[in-house]
Number of protein chains: 2
Amino acid sequence: MHSSAQHLQSVVRRQIVTGGREPGARISEVALAAEFDVSRTPARTALASLEAEGLIEKREGRGYTIRSISKADISNAIAVRAALESLAAKTLAETGMSDAVEATLLSSISTTESILESDTPVQELLDGYHAANVIFHETIMLKCGNDLIAHTFERIAMLPLAKLGSLVFDTTNPRRERMRLMVGHSQHVILLDALRQRDGARAEAMMREHSHATLNYADLFVRKVYENGTRTTGGGKS
Amino acid sequence: MHSSAQHLQSVVRRQIVTGGREPGARISEVALAAEFDVSRTPARTALASLEAEGLIEKREGRGYTIRSISKADISNAIAVRAALESLAAKTLAETGMSDAVEATLLSSISTTESILESDTPVQELLDGYHAANVIFHETIMLKCGNDLIAHTFERIAMLPLAKLGSLVFDTTNPRRERMRLMVGHSQHVILLDALRQRDGARAEAMMREHSHATLNYADLFVRKVYENGTRTTGGGKS
DNA sequence: TGGCTCAAAAATGGATACAAAAAGAGGCTG
DNA sequence: CAGCCTCTTTTTGTATCCATTTTTGAGCCA
């Protein structure tokens with residue numbers, strides 16, 4: 001069921017996100033088609049989709065270029081995500097969540113809690129926390145009752161947020177990072193409580209604060225990465 | 001410079017938005033290509049773009065269908081728009097607006113003020129108010145300093161918002177409508193003041209309230225339209 | 001030597017041809 | 001009569017092919 005075009009799209013997306021393609025570099029239909037040994041048709045489809053995702057830009061009459069991401073782009077993306085996510089939290093609180101949703105959120109929280117209590121090596125801790133964190137956020141976004149929120153989130157600016165996911169952890173200071181994860185975890189706990197009590201305003205405010213913490217942290221991190229030219233890897237976002 | 005695909009896209013979009021195509025109706029590459037006497041290539045491109053805009057849905061193996069819009073869809077669209085717009089207002093307030101932006105907003109407010117003070121026929125009043133209102137909102141969205149907001153807004157769910165624009169005015173009660181426009185105008189005035197003082201929280205709260213008024217009104221209106229089957233025309237949204 | 005023009009090459013947009021997969025219809029069989 | 005199987009039609013994905021536009025480069029002229 002993986003069409004040629006979709007395969008191309010996901011491969012090139014991964015290349016862009018992981019830095020395999022230089023920002024500002026040009027991509028043309030023919031070059032891409034030749035590179036993957038397919039015809040121009042799937043290459044064209046893939047490029048159109050990637051442009052819709054915001055990973056590449058179309059230059060009139062001169063093909064596409066890989067978008068280069070600035071600090072401002074990342075801040076903007078986080079701000080928009082925060083707005084959408086806090087709306088989702090508010091909506092979910094006001095309409096009430098299903099038992100299945102509550103179970104999922106609780107499960108995510110249990111996972112992060114046990115991870116933070118244990119003394120597993122740092123990298124495993126990070127991966128586990130990251131996975132549970134993604135589930136928590138995606139559940140709220142996707143199951144909040146406003147499908148347009150998820151629809152919107154899915155098709156905007158994959159690039160800044162994807163970059164973010166791979167950047168946001170400072171392995172040089174694990175102790176501080178662990179503290180940060182604990183703060184995030186506690187915010188999840190509060191969020192779940194607000195959702196249970198169907199307190200829309202509180203859920204919204206808490207989610208906003210939660211996202212804002214990400215923003216501040218990301219800003220700090222982006223400065224570090226962009227100015228020093230070093231790159232730190234590891235999973236985990238807010 | 002009007003490519004075949006773009007032309008197709010805009011024509012079909014207009015057809016969908018104005019009701020020229022029945023919600024739920026199927027639309028296929030071949031049918032569209034035959035109808036406009038072009039090949040499948042631009043038809044495919046146009047359909048893909050329309051799907052990204054949320055105007056049509058892809059049914060696996062069974063072409064596309066025109067999306068049918070529910071009350072919930074419209075409420076969802078307004079909620080998302082409110083979230084994005086209040087973020088834009090906050091951002092613009094915090095970063096400070098340029099003189100050009102301030103002049104544009106002031107001009108829009110002057111226009112609505114003079115319209116509300118005059119005794120022109122109702123329809124003219126509506127058209128003028130509507131135009132000035134659109135300028136006010138678009139200026140804030142587009143010039144707020146976060147380009148992703150406008151980018152996001154442009155490519156999500158054209159349908160519910162477009163429908164909204166043509167629905168939101170009750171010509172059977174002009175007096176009450178005039179009062180409503182005055183409330184909207186006063187909110188614009190307050191908003192401009194908050195922007196001038198660079199009070200992000202106040203601008204955000206005011207814009208949220210402003211959008212929320214639209215939501216309540218639209219809800220009332222959608223009920224009327226959908227339950228009575230009647231349709232009221234006229235420009236003007238909150 | 002520098003600028004201009006024209007031509008060759010490349011790239012994009014659109015048209016069509018071809019193949020494969022899926023949905024529908026209709027008949028066949030238990 | 002019901003369920004299943006098959007054949008046809010529709011739809012979709014991909015490969016080329018043609019035309020238009022753009023770029024680039026070489027050669028010519030001032």
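Convention: sequence-line order gives letters A, B, ...; per-chain numbering from 1. Note that these values count all heavy atoms, side chains included, but never hydrogens, waters or copies made by symmetry.
- A:Arg26 has its CZ atom 10 Å from the P atom of D:dT23, to the nearest Å.
- In this structure, the side chain of A:Tyr129 does not engage the main chain of A:Ile115 through any donor-acceptor pair within 3.5 Å.
- A perpendicular orientation is assigned to the rings of B:His188 and B:His210, their planes being inclined by more than 60° (bins at 30° and 60°).
- B:Glu85 places none of its side-chain heavy atoms less than 4.5 Å from the side chain of B:Lys90.
- In this structure, CD of B:Glu29 is placed 16 Å from C1' of D:dT9, rounded to the nearest angstrom.
- When the local axes at the two ends of the helix from C:dT1-D:dA30 to C:dG30-D:dC1 are compared, using 5 base pairs at each end, they differ in direction by 10° after rounding to 10°.
- Separating the CD atom of A:Gln6 from the C1' atom of D:dT14 is a distance of 14 Å, rounded to the nearest angstrom.
- Atoms CG and CZ, from A:Leu87 and A:Arg208 in turn, are 10.0 Å apart once rounded to the nearest 0.5 Å.
- Taking 4.5 Å as the limit, every side-chain heavy atom of B:Asn133 sits out of range of all side-chain heavy atoms of B:Ser108.
- A salt bridge links B:Arg21 to B:Glu35: one of the charged nitrogens lies within less than 4.0 Å of a carboxylate oxygen.
- Distance, A:His7 NE2 to D:dG13 P: 16 Å, rounded to whole Å.
- Scanning residues 35-47 of chain B for heavy-atom distances under 4.0 Å to DNA chain D yields B:Arg40, B:Arg44.
- Side-chain N/O atoms of A:Lys58 include none lying less than 4.0 angstrom from OP1 or OP2 on C:dA11.
- Residue B:Arg62 contributes atom CZ, which lies 9 Å from atom P of D:dT12 at whole-angstrom precision.
- Between A:Cys144 and A:Ile149 there is a side-chain heavy-atom pair separated by less than 4.5 Å.
- Looking at B:Lys58 and B:Glu51, no side-chain N of the basic residue comes within less than 4.0 Å of a carboxylate O on the acidic one, giving no salt bridge.
- When distances run from any side-chain atom of B:Ser4 to the nucleotides C:dT12, D:dG13, C:dG14, the shortest one goes to C:dG14.
- A straight line from CD of A:Glu51 to C1' of C:dT12 spans 14 Å, rounded to a whole angstrom.
- With respect to the salt-bridge test (charged N to carboxylate O, under 4.0 angstrom), the residues A:Glu94 and A:Arg198 do not qualify.
- Straight-line distance from the CZ atom of A:Arg59 to the C1' atom of D:dT21: 18 Å, rounded to whole Å.
- One can place CG of B:Leu32 at 14 Å from C1' of D:dT11, the figure rounded to the nearest angstrom.
- Taking every side-chain heavy atom of A:Ala5 into account, D:dT14 is the closest of C:dG24, D:dT14, C:dG14.
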